[in-house]
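This report concerns only the one structure given below.
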Amino acid sequence: MANVKDCPGFETFGEDVRAGRKAQGMTRRALAEEVGVSTRYLANIELGLIIPSVPVMLQLIRICHLPVERYFNPNLIQENSEIRRRVRHKTQLCPEKYLPIVEAALDGAINMKE
């Protein structure tokens, strides 16, 4: 298992998995079972203690709706401001049914500037 400090771009992976899991309304046990790992192993990932194997990581990225480029190509993400990264990540975690509300709010804000 890789150590988080040795993997640039993965500093927030554990926090992102936890936020994504919660956004999906999943318990840690349910996500661990779906991925095929122990609850303790998933807890260590969420606490940022370890980086999982690539197959486990890819499942977590898919299930938790995480931005794969953040971890495998962090230079793309670094070109954006911190607030853009946070907003992008939050919209990726947002359940699909709420996206029209977010879009309408953004459209309203853009129209107000014009």
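Taken to the nearest 0.5 Å, the CG atom of Leu93 stands 6.5 Å off from the CG atom of Leu66. Taking CZ from Arg40 and CG from Leu47, the interatomic distance works out to 6.5 Å, rounded to the nearest 0.5 Å. Ile50 contributes atom CD1, which lies 10.0 Å from atom CZ of Phe13 (distance to the nearest 0.5 angstrom). Asn44 contributes atom CG, which lies 8.0 Å from atom OG of Ser38 (distance to the nearest 0.5 angstrom). Atom SG in Cys94 sits 8.0 Å away from atom CD1 in Ile101 (nearest 0.5 Å). Going from atom CD of Glu34 over to atom CD of Gln59 covers 8.0 Å, rounded to the nearest 0.5 Å.
A heavy-atom distance below 4.5 Å is not found between the side chains of Ile45 and Arg18. Two residues are said to be in side-chain contact when any heavy atoms from C-beta on lie closer than 4.5 Å; Asp16 and Ile61 fail this criterion. At a threshold of 4.5 Å between non-hydrogen side-chain atoms, the residues Pro52 and Val37 do not count as touching.
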query: Between Val56 and Tyr41, does a side-chain contact (heavy atoms from CB on, under 4.5 Å) hold up when you go through it step by step?
result: CA-CA 11 Å; Val56 169; Tyr41 183 70; 4.2 Å; yes
field: Intermediate values then yes/no, side-chain contact (heavy atoms from CB on, under 4.5 Å), Leu31 and Cys64
entry: CA-CA 9 Å; Leu31 179 57; Cys64 296; 3.9 Å; yes
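In this structure Glu46 satisfies the side-chain hydrogen bond (donor to acceptor under 3.5 Å, both in side chains) test together with Arg21, Arg28, sequence neighbours excluded.
Leu99 and Val87 fall into different hydrophobic clusters, where Ile, Leu, Val, Met, Phe, Trp and Tyr side chains are chained together by heavy-atom contacts under 4.5 Å. The hydrophobic cluster containing Leu42 also contains Val54, counting ILVMFWY residues as joined when their side-chain heavy atoms lie under 4.5 angstrom apart, directly or transitively.
Between the side chain of Thr12 and the main chain of Glu15, no donor-acceptor pair closer than 3.5 Å is present.
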